[in-house]
Number of protein chains: 2
Amino acid sequence: MTQDRRGEHQRPSAPSAADPAAEAARAPTHAERTRTLVHAARSATLCTLTREPAGHPYGSLVAFASDAQGRPLLLLSTLAEHTQNLAVCADASVLVAEPWGLHGSPLAIGRVTILGPCAALPEGAARDEARAAFLAAHPDAAGYADFRDFAFYRLTPTSLRYVGGFGRMSWVTADAYAAAEPDPLARAASGILTHMNGDHADAVLAYARVLAKVPDASAATMTAVDRYGFELAVTTPAGPRATRLAFDAPVDTADAVRKAMVDLVKRARAAS
Amino acid sequence: MTQDRRGEHQRPSAPSAADPAAEAARAPTHAERTRTLVHAARSATLCTLTREPAGHPYGSLVAFASDAQGRPLLLLSTLAEHTQNLAVCADASVLVAEPWGLHGSPLAIGRVTILGPCAALPEGAARDEARAAFLAAHPDAAGYADFRDFAFYRLTPTSLRYVGGFGRMSWVTADAYAAAEPDPLARAASGILTHMNGDHADAVLAYARVLAKVPDASAATMTAVDRYGFELAVTTPAGPRATRLAFDAPVDTADAVRKAMVDLVKRARAAS
């Protein structure tokens with residue numbers, strides 16, 4: 001499949017394949033990034049096909065949750081346009097995106113389009129599981145979830161288009177998506193970044209200068225952290241750079257991140 | 001067209017048609033609310049039809065602007081999936097929504113689906129106008145707007161589905177939409193609400209008790225303001241209520257709102 005990269009290459013913050021540190025550092029796969037993003041999402045755009053005129057693409061806002069396999073779960077009113085569209089044709093996609101607040105540009109937001117048929121779950125164990133997962137994400141929906149004109153819907157992914165911001169995009173197969181796991185640090189990441197950038201700016205700059213091999217870095221900010229490592233936005237005399245550093249082994253708790261960060265800063269200071 | 005109201009009626013904050021004050025107060029039409037919402041939007045979900053398989057609905061994130069007639073303007077890369085979809089079939093919709101941060105529930109957000117054909121603008125005056133409007137909204141895009149593989153697209157509305165949050169939804173015709181004007185207070189509204197709720201809570205409570213005829217109100221918050229009036233969330237012993245009050249005549253500047261608010265508080269105090 002084609003990639004849309006021209007605009008992204010205008011952005012100084014895109015990790016560059018010519019950057020040896022970035023090449024060396026293991027990063028989450030697009031399937032993993034997609035699972036992480038979907039796991040956190042609480043709202044989405046549902047795309048269905050209109051009835052009149054037939055087959056026109058129709059976007060609508062929905063409350064969103066996902067099950068243990070990452071399949072989208074929706075709670076829809078039978079009276080709503082999108083639900084009546086699905087009754088005629090189950091073909092659908094959902095677009096889920098990171099929160100707007102994380103980025104300056106809307107196009108820097110990580111997002112995924114999940115394509116597949118979307119159908120109501122009949123009474124039974126699958127419906128009960130979907131109900132439990134949906135209400136865990138949306139407790140307020142308990143007030144109307146069991147009304148006669150509401151039903152739980154599940155979208156079965158057939159393919160996924162991941163766009164992780166500038167310069168990161170690909171098709172993800174349904175099998176790769178189902179096999180991937182959401183990042184265990186997703187919930188903790190924001191707090192880790194705030195802590196590191198706020199209280200350990202000197203350590204972050206040492207990572208950039210020594211470990212990422214940008215000796216003329218004048219400032220550095222940690223912009224992302226996941227089980228495999230973290231990303232830095234680095235200020236240099238030649239302009240901004242982005243780079244990525246890996247942990248020695250995957251970490252899955254905030255405590256393990258703290259220990260890994262301390263080890264790395266010791267290594268940076270020993271080498272400088 | 002049908003309405004999806006069951007879930008909304010579970011929400012105490014929905015303005016009720018049984019509320020005499022709400023009935024009496026002129027409110028923006030759905031066409032006006034839609035124009036206002038579109039005018040402010042800077043990102044959207046574009047819905048197109050996939051090529052392979054043919055005709056599957058596909059949602060993607062786009063940077064968004066609109067022209068003086070409220071028509072959606074997009075700047076798309078010819079390499080992107082959605083652009084290749086449009087090259088085969090121009091049928092599209094865009095979903096634009098209010099910012100997430102304004103509301104607790106994603107389904108309380110005002111949003112609109114604009115349906116119609118979406119086509120690249122050839123070189124000429126229309127393209128130049130679209131370019132100017134788009135770059136005014138997205139100055140950063142000037143860096144790649146004129147690359148050979150980017151083009152400006154315009155969606156021509158054929159119909160619009162407005163959902164203004166709980167209990168407010170309808171189809172809006174393209175003619176009504178084109179004839180409506182964005183609210184002149186849209187940009188000032190947030191500052192007006194902060195000022196009134198922060199510095200004039202006593203006046204807001206007087207509006208609720210006297211003018212909105214909720215004498216047992218124990219607290220009131222101004223939740224929206226537009227050229228025709230404003231909305232209040234009122235706390236009463238019987239639970240929360242929502243109501244709307246009208247200005248005597250439409251206002252179109254923050255200064256005119258201030259004067260109208262002062263007049264109303266004098267009236268409330270004279271009547272109490």
Side-chain angles (χ1 to χ4, degrees), chain A residues 1-7 9-11 42-50 53 55-64 75-81 83-85 89 91-95 97 99-101 104-107 109 111 113 115-116 138 140-141 143-144 147 149-150 158 161 163, chain B residues 1-7 9-11 42-50 53 55-64 75-81 83-85 89 91-95 97 99-101 104-107 109 111 113 115-116 138 140-141 143-144 147 149-150 158 161 163:
Chain A
M1 290 289 176
T2 56
Q3 296 212 341
D4 173 6
R5 295 204 287 203
R6 179 65 60 91
H9 282 178
Q10 300 306 301
R11 308 289 300 199
R42 293 292 175 266
S43 63
T45 303
L46 173 64
C47 296
T48 55
L49 296 174
T50 55
H56 197 100
Y58 182 90
S60 55
L61 189 70
V62 289
F64 179 91
L75 174 58
L76 304 181
S77 161
T78 53
L79 301 175
E81 288 295 320
T83 315
Q84 298 188 29
N85 291 345
C89 177
D91 289 352
S93 68
V94 289
L95 173 72
W100 303 116
S105 161
L107 296 187
I109 290 169
R111 67 267 193 188
T113 305
L115 298 100
H138 297 281
D140 289 356
Y144 55 92
F147 282 13
D149 56 354
F150 275 82
T158 53
R161 177 69 173 171
V163 182
Chain B
M1 289 288 176
T2 56
Q3 296 212 340
D4 174 4
R5 293 205 287 203
R6 181 64 61 91
H9 282 176
Q10 300 305 301
R11 309 288 299 199
R42 293 292 175 268
S43 63
T45 303
L46 173 64
C47 297
T48 55
L49 296 174
T50 55
H56 197 101
Y58 182 90
S60 56
L61 190 69
V62 289
F64 179 92
L75 173 59
L76 304 181
S77 162
T78 54
L79 300 174
E81 288 295 322
T83 316
Q84 298 189 31
N85 291 345
C89 177
D91 289 351
S93 68
V94 291
L95 174 71
W100 304 115
S105 160
L107 297 187
I109 291 169
R111 66 267 194 189
T113 305
L115 297 100
H138 298 280
D140 289 356
Y144 55 91
F147 281 13
D149 55 355
F150 276 81
T158 53
R161 177 69 174 171
V163 183

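Chain letters run A, B, ... following the sequence lines, proteins first, then strands; residues in each count from 1. Keep in mind that this is a model prediction, so the values were computed, not measured.
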Item checked: Spacing of CG belonging to L49(A) relative to SG belonging to C47(B), to within rounding of 0.5 Å -> 10.0 Å
Checklist line | Rounded distance [0.5 Å steps], CG in L107(A) versus OG in S43(B) | finding: 8.5 Å
Notebook entry, point to check: So which heavy atom on L95(B) is nearest to which on L61(A), and how close?
Noted result: CD2-N, 3.8 Å
Item checked: Contact summary for S93(A) and G59(B), nearest pair of heavy atoms -> OG-N, 3.3 Å
Notebook entry, point to check: Is chain B contacted by the side chain of T50(A), its backbone, both, or neither, given a heavy-atom distance below 4.5 Å?
Noted result: side chain
Note to self: Need one label for V62(A): side chain, backbone, both or neither, based on atoms under 4.5 Å from any heavy atom in chain B.
What the structure shows: backbone
Check: Side chain of H56(A), backbone of L115(B): donor and acceptor closer than 3.5 Å?
Finding: no
Checklist line | Partner set under side-chain hydrogen bond (donor to acceptor under 3.5 Å, both in side chains) for T113(A), not counting sequence neighbours | finding: none
Notebook entry, point to check: Looking at residues at least two apart in the chain, or sitting in another chain, which of them share a side-chain hydrogen bond (donor to acceptor under 3.5 Å, both in side chains) with N85(B)?
Noted result: T48(B), R51(B)
Item checked: Pick from S60(A), C89(A), A92(A), A141(A) with the largest number of heavy-atom pairs that fall under 4.5 Å of chain B -> A92(A)
